[in-house]
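Accompanying notes for the structure given below.
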There are 2 protein chains.
Amino acid sequence: MDQLVRYAGFGVLAPLIGYHLRRAHGAFVVDFGAALSGTGMRQILVGILAVIANQPGINQGAVGRILDIKRANMVSLINELVDAQLVCRLVDPQDRRAFSLNLTEKGAEMLQICLERISAHEQRMLEGFTDLELAQLRDLLGRIARPVPVED
Amino acid sequence: MDQLVRYAGFGVLAPLIGYHLRRAHGAFVVDFGAALSGTGMRQILVGILAVIANQPGINQGAVGRILDIKRANMVSLINELVDAQLVCRLVDPQDRRAFSLNLTEKGAEMLQICLERISAHEQRMLEGFTDLELAQLRDLLGRIARPVPVED
DNA sequence: TATTGTTATACTCTATAACTATA
DNA sequence: TATAGTTATAGAGTATAACAATA
C-alpha cells in the first residue's frame, strides 16, 4: 500500500499528527505482541523490568510515575512479575510502607531475551528508515509531553 | 521536564522508537479527550465521521477497513452515531446486505466543531515544532505500516 | 461459497474511590 | 496529614466465533 492509497480514505485526517500517531502506534502494538509471543511478557511488563534494571531497589510507585501507570494498576502487574519469579519484592527497611524491587536472575535473562526480540521487531517495523530518520523520529516523539503528568 | 530527566528512568528503553511512540500516543490520547469533552465524541467516532465525509455513501465494512476497526466493533459505533443523529444509515439499493452511510447536517457540523478543537489540541501538543518538523513527523509516522492489514 | 452486518462474549488497559499501614 | 500499597469496580478498546440475510 503506497502513501496515496493509505491517505485516500480519510482526507481531513491526513494532516493530523495525532491520527498518524494512532495508526503507527497500533501497528507497533500488534507486531510487538507477535514479537513477544511465547514469552508471557507484554509491552508494559518489559517496561517495568527495564525501569527496575535501571534503578535497582526502586519501589512500585516510582516505577508507575516513570511509566505513567497508576498505583492501583501497578499492583497486579508487579504480582504477575513476582509470580513469574522475574522480580523480587522486599519490604524496604528505610520505609516499611514501601517495597524494594529488584530483578531476579531469571528476570534479567527475560529482559535480555525481550530486548533482543524487540530489537528485531523494531528493525522489521522500520525497515526503510535511515539512521538519521530514526534519530529524528526518536527526537520528535521524545519532545511530545503529557500535558499534565500522572499524579494518581 | 527536560529530555535528560525524562530519559533518566528507563535507560534501555530510550533508544526504542516503540517506547517513544507509546508515550507520545498516550499523551495525545489524554489531551484529545480533554479537547473533545462535552461534545460526546471520541477519537474513533471523529475518525468515522471524517471517513464518511470523505466518501459519502460508504458502508460500515469499508469504513472499518480504512480505520482498522473490526466489523463486529463497527456496529455499536455506527449505532451511537445514528442515535446521536450525526449519521444516517440507509439500505444500499445496489447491495441490500449493506448500509449506505452519510453525514446528517448535524453530523457535518459536529465534524467541523471537532476538527477545530482537534486543531487547537494539536497546536497545544506540538507547540515548539517548526513546520518542517511537523512535515517530517507526519511523513515518518506515515511510513510505519501494519505488518498484516486488518482482515476481520 | 463469500460477504455485510449482527450478537454475544471475553480480555486487556485504564480510571476512580475507599481502604490499611506506615511516615 | 500525607504517602505506599491494596481492593473493588467500571469503562473503553479490541478480539473471536457463530449466526442471518444477501450476493
Side-chain angles (χ1 to χ4, degrees), chain A residues 22-23 25-34 36-37 40-48 57-83 87 89-101 146 148-152, chain B residues 22-23 25-34 36-37 40-48 57-83 87 89-101 146 148-152:
Chain A
R22 179 184 157 93
R23 289 289 298 243
H25 177 252
F28 257 73
V29 166
V30 168
D31 194 69
F32 192 101
L36 259 54
S37 80
M41 296 293 286
R42 306 190 299 284
Q43 193 167 30
I44 199 164
L45 296 177
V46 176
I48 294 171
I58 192 173
N59 67 37
Q60 283 184 209
V63 173
R65 280 188 291 276
I66 290 169
L67 295 174
D68 285 356
I69 305 169
K70 305 236 178 258
R71 259 184 320 147
N73 296 328
M74 284 298 298
V75 178
S76 62
L77 294 169
I78 295 295
N79 282 343
E80 267 189 80
L81 293 171
V82 170
D83 291 348
V87 163
R89 172 173 49 187
L90 296 169
V91 173
D92 184 338
Q94 258 81 62
D95 181 346
R96 296 196 349 270
R97 292 171 303 182
F99 287 125
S100 171
L101 302 175
R146 265 214 163 185
V148 180
V150 167
E151 294 284 321
D152 185 51
Chain B
R22 179 185 158 93
R23 290 288 298 238
H25 176 252
F28 257 73
V29 166
V30 168
D31 194 68
F32 193 101
L36 260 53
S37 80
M41 296 292 287
R42 306 190 299 284
Q43 192 167 31
I44 198 164
L45 296 177
V46 176
I48 294 171
I58 192 172
N59 67 37
Q60 283 184 209
V63 173
R65 281 188 291 276
I66 289 169
L67 294 174
D68 285 357
I69 304 168
K70 306 238 178 256
R71 257 183 324 147
N73 296 328
M74 284 299 297
V75 179
S76 61
L77 294 169
I78 296 294
N79 282 342
E80 266 188 80
L81 293 171
V82 170
D83 290 350
V87 163
R89 172 173 49 187
L90 296 169
V91 173
D92 182 339
Q94 258 81 63
D95 180 348
R96 296 197 347 271
R97 293 171 303 183
F99 287 126
S100 171
L101 302 174
R146 264 215 164 184
V148 180
V150 168
E151 295 283 321
D152 185 50

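In what follows, every chain begins at residue 1, and chains take the letters A, B, ... in the order their sequences are listed.
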Original post:
Rounded to whole angstroms, how far apart are NZ on K70(B) and C1' on dA18(D)?
Top reply: 16 Å
**OP:** Would you indicate whether the side-chain heavy atoms of Q60(A) and R89(A) approach each other to under 4.5 Å?
**Re:** yes
**OP:** Going by the side chain to side chain contact (heavy atoms under 4.5 Å, CB included) test, name the single residue among L77(B), L36(B), V29(B) that passes it with R42(B).
**Re:** L77(B)
Subject >> Base-contact (B) and sugar-phosphate-only (S) positions in nucleotides 4-11 of chain D, heavy-atom cut-off under 4.0 Å, - elsewhere >> reply: BBBB----
**OP:** Write down the distance between CD (Q94(B)) and C1' (dT3(C)), rounded to a whole number of angstrom.
**Re:** 16 Å
Where do N or O atoms of nucleotides 10-13 of chain C meet protein N or O atoms at under 3.5 Å, pair by pair?
{"residue": "dC13(C)", "atom": "OP1", "partner": "R42(A)", "partner atom": "NE", "Å": "3.1"}
{"residue": "dC13(C)", "atom": "OP2", "partner": "R42(A)", "partner atom": "NE", "Å": "2.8"}
{"residue": "dC13(C)", "atom": "OP2", "partner": "R42(A)", "partner atom": "NH2", "Å": "3.1"}

Original post:
Does K70(A) reach the side chain of N73(A), with side-chain heavy atoms less than 4.5 Å apart?
Top reply: yes
**OP:** Round to a whole Å and report the spacing from CG of L67(B) to P of dA15(D).
**Re:** 14 Å
Original post:
Any side-chain heavy atom of I58(B) within less than 4.5 Å of one from I66(B)?
Top reply: yes
Original post:
Do V91(A) and R97(A) have side-chain heavy atoms sitting under 4.5 Å apart?
Top reply: no
Original post:
Rounding to a whole Å, what distance do you find between I69(B):CD1 and dT16(D):C1'?
Top reply: 17 Å
Original post:
Is any side-chain nitrogen or oxygen of R96(B) closer than 4.0 Å to OP1 or OP2 of dA21(D)?
Top reply: no
**OP:** Check whether any side-chain heavy atom of I44(A) sits under 4.5 Å from a side-chain heavy atom of R22(B), and report yes or no.
**Re:** yes
Original post:
Do L67(B) and I48(B) come within less than 4.5 Å of each other through their side chains, counting heavy atoms only?
Top reply: yes
**OP:** State the CG-CD1 distance between D83(A) and I78(A), to the nearest 0.5 angstrom.
**Re:** 11.0 Å
